[in-house]
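Since we're looking at a predicted model, the values are computed, not measured. Chain letters run A, B, ... following the sequence lines, proteins first and then strands; every chain starts at 1.
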Protein chains: 2
Amino acid sequence: MKKKKGQVSTLRSVDRAIAILKAFSEEEPELGVTELSQRLELPKSTVYRLLASLQRGGLVDQDPETEKYRLGIELVRLAGLVLKQIDVRQIARPYLHSLAETSEETVNLTVLTGDGKVINIDGIPSPRMVRNVGWIGREMLPHCISSGKVLLAYLPQQQLERILAKGLPRFTDKTITDPVRLQEELNQVRQQGYAVAQEELEVGLSAVAAPIRNHEGTVIAVISVSGPSFRLSEKISELAQLTKRTADEISYQLGYTG
Amino acid sequence: MKKKKGQVSTLRSVDRAIAILKAFSEEEPELGVTELSQRLELPKSTVYRLLASLQRGGLVDQDPETEKYRLGIELVRLAGLVLKQIDVRQIARPYLHSLAETSEETVNLTVLTGDGKVINIDGIPSPRMVRNVGWIGREMLPHCISSGKVLLAYLPQQQLERILAKGLPRFTDKTITDPVRLQEELNQVRQQGYAVAQEELEVGLSAVAAPIRNHEGTVIAVISVSGPSFRLSEKISELAQLTKRTADEISYQLGYTG
DNA sequence: GCTCATATTTCACATTGTGGAACAACGTTC
DNA sequence: GAACGTTGTTCCACAATGTGAAATATGAGC
């Protein structure tokens, strides 16, 4: 049984730095070294050095006139990342349902993890008995699935090359394992605005995927429809248009108007 | 000449913890221990303990299914404090201008500092030649100025008592130095919704102030009008109503509808 | 110029933070 | 079911960084 994080040892100086951040409130947005020292029962020199780190990191600022400290704007940027993740899931959820009903196939919402893999963060399974089971929370290699192809297509080139350098394992006869061939495939994804993967990960499994953009146009997630090839083969183009339209609607909700 | 914070020594472990926070991005909202270790060129055990502190503090969370880390919701709360401060100044600014034009006196925006003092964070000077000069950034004791009385009036009782326990220095014959008398004064402020200070800080100086509330009704700042007593004495009531109405308009802009 | 309060720096000291290694857990393959 | 690989988690010997009391710097008020 795993210990809760409350039980593992933490770093006292990091704990103290976080306590400083939490000392600020709406009623008391500005605090000085001495006040923080008294409030947190720490020596002033300790508080001073902690503030130096927080300030260098942008998590607090010092007002040059009053010498008081306040929370820094970098917190707004970091918090924006949190809110954006919450936003995507919540905003996308009804569209996933809608697309699953219309297509009668499994629909997933996918993002990149940090190490060049992709992961489903939400999904609606197909109502049919024959369907691919939910893969929420499980990481996958991106080169052989439609959502992965979309995410790779819109990565900065350097990051893409780093991922390709790790190799492209073969899963079926149809898996693309040649980096040059994959780059061509990604060019096509950019051109047509969606990706298709037919039996590249698993025999009998096909999917389409389209990019979801934020207000700046950055691709931050992907919506995909997947199912057995015997059902999807004949309606791939139709599903691609439907998925692309749904992705555009979600992007619009996120502030993308391009 | 003071050193910039970039030049003073900081705490390496706090710097590292902040580097972990900054490693997350919109494109890569989920990162694992090993990925962070590689990205930041730190041993996994070091990253693990840093994450333990950040997680206990709520600045990151671990997804139990994927074991990946993401930025935590506490960042949203802290960032909210930053935005609220920015909001108050920006939202209030045009109202300060308007009140300065209408009253033809100096108008200030005031908040509490952590140690029981108050400070002006914005202000519009009177257009007249005879006026009190700007006191932006300078701390004052609250008991003898109108904006201080408002802020004290809406403090939690414990916090108020802690401040009163520090003593009430006399500045003029009219300064209130008796805590019982001040409590009565603060009761009156709560009843009438504004405060008056006439020559309590300085002979010849008078002011009125009214509370600015956030969407929850919490008093977070104060707007005040001040000037020489020979001008203000006869129009104190009128200025009080004008100031109170301006404060209410700002409060409404901040979401207060009560 | 003196006093006071707060911010900032110094320095001797030791506690906490370090990081390599080991272990645990889990999924995949055979 | 065993073996393997990968990642998360824990352990432990060690020392570097963090500590905090004291000193110094700074600026405002008188």
Would you mind writing out the side-chain donor-acceptor pairs for residues 149-156 of chain A within the sub-3.5 Å range, not counting sequence neighbours?
from: A/K149; atom 1: NZ; to: A/E185; atom 2: OE2; distance (Å): 2.8
from: A/K149; atom 1: NZ; to: A/V196; atom 2: O; distance (Å): 2.8
from: A/K149; atom 1: NZ; to: A/E200; atom 2: OE1; distance (Å): 3.0
from: A/K149; atom 1: NZ; to: A/E200; atom 2: OE2; distance (Å): 2.7

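A salt bridge is defined here as a Lys NZ or Arg NE, NH1 or NH2 lying under 4.0 Å from an Asp or Glu carboxylate O, and B/E28 with B/R39 meets this definition.
The minimum heavy-atom distance between A/L75 and B/L75, with the atom names listed, is CD2-CD2, 3.6 Å. Residue A/A79 comes nearest to B/V76 through the heavy atom pair CB-CA, 3.7 Å, listed as atom of the first residue, atom of the second, then distance.
Contacts of A/E41 classified as side-chain hydrogen bond (donor to acceptor under 3.5 Å, both in side chains), with partners at least two apart in sequence or in another chain: none. The side-chain hydrogen bond (donor to acceptor under 3.5 Å, both in side chains) check on B/S146 picks up nothing, with sequence neighbours excluded. Evaluation of the salt bridge (Lys or Arg N to Asp or Glu O under 4.0 Å) rule for A/D15 yields B/R56 as partners, not counting sequence neighbours.
Taking atom CG on A/L31 and atom P on C/dT6, their separation rounds to 13 Å, with Å as the unit. Rounded to an integer number of Å, the gap from B/E67 CD to D/dT7 P is 12 Å. Rounded to whole angstrom, the span from the CD atom of A/Q62 across to the P atom of C/dT6 amounts to 15 Å. Between B/L51 atom CG and C/dT18 atom P the separation is 13 Å, expressed in whole Å. Between B/R39 atom CZ and D/dT7 atom C1' there is a gap of 16 Å when expressed in whole angstrom units. Residue B/I20 contributes atom CD1, which lies 14 Å from atom C1' of C/dG17 at whole-angstrom precision. Nucleotide D/dG27 holds its P atom 15 Å from the CG atom of A/D63, rounded to whole Å. If you take CG of A/L141 and P of C/dG27, they are 17 Å apart, rounded to a whole angstrom.
Axis angle between the ends of the helix from C/dG1-D/dC30 to C/dC30-D/dG1, five pairs each and rounded to 10 degrees, works out to 40°.
Checking B/S229 against B/S206 by side-chain atom types alone, a donor-acceptor pair falls below 3.5 Å.
With the nearest nucleotide of DNA chain D identified for both A/K44 and B/F171, A/K44 has the one nearer the 5' end.
Atom CG of A/D173 has 12 or fewer heavy atoms from other residues, nucleotides or ligands within 6.0 Å.
The side chain of A/Q55 places no N or O atom within less than 4.0 Å of a non-bridging phosphate oxygen (OP1 or OP2) of C/dT8. Contact check, A/Y48 against C/dT8: a side-chain N or O comes under 4.0 Å of OP1 or OP2.
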Is there any protein nitrogen or oxygen under 3.5 Å from a nitrogen or oxygen in nucleotides 17-20 of chain D, and what are the pairs?
from: D/dG18; atom 1: OP1; to: B/R12; atom 2: N; distance (Å): 2.8
from: D/dG18; atom 1: OP1; to: B/S13; atom 2: N; distance (Å): 2.9
from: D/dG18; atom 1: OP1; to: B/S13; atom 2: OG; distance (Å): 3.2
from: D/dG18; atom 1: OP2; to: B/R12; atom 2: N; distance (Å): 3.2
from: D/dT19; atom 1: OP1; to: A/R16; atom 2: NH1; distance (Å): 2.8
from: D/dG20; atom 1: OP2; to: A/R16; atom 2: NH1; distance (Å): 3.3
from: D/dG20; atom 1: OP2; to: A/T46; atom 2: OG1; distance (Å): 3.1
from: D/dG20; atom 1: N7; to: A/S45; atom 2: OG; distance (Å): 3.0
from: D/dG20; atom 1: N7; to: A/R49; atom 2: NH2; distance (Å): 3.3
from: D/dG20; atom 1: O6; to: A/R49; atom 2: NH1; distance (Å): 3.2

